[in-house]
Amino acid sequence: MHASTHPAYASRPATRRLGHAGRLLPLLAGAAALLVAALPAKAEEALKMAIAPFLPEAELNEAYAPVAEYLSRRLGETVELELFPNYLSFWEATRGGSDFDIALDAAPVTDFRVQRQNWQVIARFDGEVTQSLVTRDDDLILSPRELVNKRVAVQPSPSVGALVLYQLFPNPVQQPTLIFERTNRDVAAAVIEGKAKAGVIPTPLVGGYPGLYPVITTDPLPFLGFSVSPELNERTRKALRQALLSFAETDEGRRILDEQQLTDIVPATNRYYAGNAELLVGTYGY
């Protein structure tokens, strides 16, 4: 028998190398897994809280940024404000599906989301709110009928001011000439500056403008409500509701409400706002 031309030991080193590699692969895989686990976790998307543009963006941000920060701390999740420059952009975002997580809104659109988009009301600011048809205090206007064909300032529909105005002037041929302004502050300024003969603003704002006179004040509506998207999971929804209601129960929460001149946040349900969406009948997109 002829001896092999390849010494027996020549194959052994290769076998040993394969053996080492086979043992090394699981170790490398384990190390890689540890490295991946040690990397910072990808941040979850922030919860978006939309606020109807009843006041200028800067004013809404100043008032509600502390509310969002408080909620973020209580939830352990970031809550970010989503603000809109005017009611037209807000309504487009709303009727197109309300692509945010939380909304703070007036009664008609709050009920609209419940009825049409399956949102759920979880809390509200305590109290009710009325709207006032105002003129300059040096104008002798005693009845809305005197404003037919006159210039009247209001935020675009579906602001509560516009919805109320259409209720005051249901006859389309016996209406004022509407002047649309971005915010309620702009409506008040338009009346004071003579750009419009009258305007509709929330009654609580009237006292801030000494030159305004309320011709008529409407029946009250429920105050602003917090509602949440049906896409929000039950755990987060319950935690958010608890965080909102805790404002009245903590020193920090009470301080924020007092500093921003906000009323208490109290429990609320869909039923509390039921029927208010009827004010939107005739509104584009309703």
Taking only distance into account, with no hydrogens and no angle test, what donor-acceptor pairs under 3.5 Å do side-chain atoms of residues 140-148 form with protein atoms, sequence neighbours excluded?
from: Ser143; atom 1: OG; to: Arg145; atom 2: N; distance (Å): 3.2
from: Glu146; atom 1: OE2; to: Leu142; atom 2: N; distance (Å): 2.9
from: Glu146; atom 1: OE2; to: Ser143; atom 2: N; distance (Å): 3.2

Atom CD of Glu234 with >12 non-hydrogen neighbours under 6.0 angstrom:
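For Glu234, atom CD is not crowded (no more than 12 foreign heavy atoms under 6.0 Å).
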Is a side-chain donor-acceptor pair under 3.5 Å present for Gln155 with Asn184?
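Note: Asn184 and Gln155 side chains meet the donor-acceptor criterion.
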Would you please say whether a donor-acceptor pair under 3.5 Å links the side chains of Thr218 and Gln131?
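Looking only at side-chain atoms, Gln131 and Thr218 do not form any donor-acceptor pair under 3.5 Å.
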In chain order, what residues pass the ring-ring contact (aromatic ring centres under 6.0 Å, His included) check against Phe169, with sequence neighbours excluded?
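Once residues adjacent in sequence are excluded, Phe169 has no partner under the ring-ring contact (aromatic ring centres under 6.0 Å, His included) criterion.
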Residues which pass side-chain contact (heavy atoms from CB on, under 4.5 Å) with Asn171, listed by chain and number, not counting sequence neighbours
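Partners of Asn171 under the side-chain contact (heavy atoms from CB on, under 4.5 Å) test: Val173, Gln174.
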Please enumerate all residues that pass side-chain hydrogen bond (donor to acceptor under 3.5 Å, both in side chains) together with [X], with sequence neighbours excluded.
X	value
Asp137	none
Thr110	none
Ser227	none
Thr177	none

Please go through Tyr272's hydrophobic cluster and name the other residues, only I, L, V, M, F, W, Y counting, with side-chain heavy atoms under 4.5 Å joining them.
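Result for Tyr272 is Val114, Val121, Tyr273.
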With a cut-off of 3.5 Å and sequence neighbours excluded, list every side-chain donor-acceptor pair involving residues 254-268.
from: Arg254; atom 1: NH1; to: Asp264; atom 2: OD1; distance (Å): 2.7
from: Arg254; atom 1: NH2; to: Asp264; atom 2: OD1; distance (Å): 3.4
from: Arg255; atom 1: NH1; to: Glu259; atom 2: OE1; distance (Å): 3.2
from: Arg255; atom 1: NH1; to: Glu259; atom 2: OE2; distance (Å): 3.4
from: Thr263; atom 1: OG1; to: Asp126; atom 2: N; distance (Å): 3.2
from: Thr263; atom 1: OG1; to: Asp126; atom 2: O; distance (Å): 3.0

Could you pull out all donor-acceptor pairs under 3.5 Å where a side-chain atom in residues 53-69 meets a protein atom, sequence neighbours excluded?
from: Glu59; atom 1: OE1; to: Arg185; atom 2: NE; distance (Å): 3.2
from: Glu59; atom 1: OE2; to: Arg185; atom 2: NE; distance (Å): 3.4
from: Glu59; atom 1: OE2; to: Arg185; atom 2: NH2; distance (Å): 2.6

Side chain to side chain donor-acceptor pair (under 3.5 Å) between Ser132 and Thr217, worked out:
CA-CA 4 Å; Ser132 287; Thr217 297; 3.1 Å; yes
Side-chain heavy atoms nearer than 4.5 Å, only ILVMFWY residues, links allowed to pass through others: does that put [X] and [Y] together?
X	Y	result
Leu81	Leu232	yes
Tyr166	Leu88	no
Val160	Val187	no
Met49	Leu224	yes

Using the ring-ring contact (aromatic ring centres under 6.0 Å, His included) rule, collect all pairs that involve residues 228-261, keeping only residues at least two apart or in two chains.
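Listed by first then second residue: Tyr70-Phe247.
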Under the ring-ring contact (aromatic ring centres under 6.0 Å, His included) rule, what pairs show up with a residue in residues 83-106, not counting sequence neighbours?
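Qualifying pairs: Phe84-Phe90, Tyr87-Phe90, Trp91-Phe112, Phe100-Trp119.
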Residues Glu82, Lys48: salt bridge by 4.0 Å N-O rule
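Lys48 and Glu82: not salt-bridged.
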Determine, for Glu77 against Arg235, whether the closest basic-nitrogen to carboxylate-oxygen distance falls under 4.0 angstrom.
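Yes.
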Among Leu47, Val79, Ile102, find the residue that satisfies the side-chain contact (heavy atoms from CB on, under 4.5 Å) test when tested with Leu71.
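It is Val79, the one option of Leu47, Val79, Ile102 that forms the side-chain contact (heavy atoms from CB on, under 4.5 Å) with Leu71.
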Please give me the minimum heavy-atom distance between Val109 and Pro158, naming the atom from each residue.
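Closest approach of Val109 to Pro158: CG2-CG, 4.1 Å.
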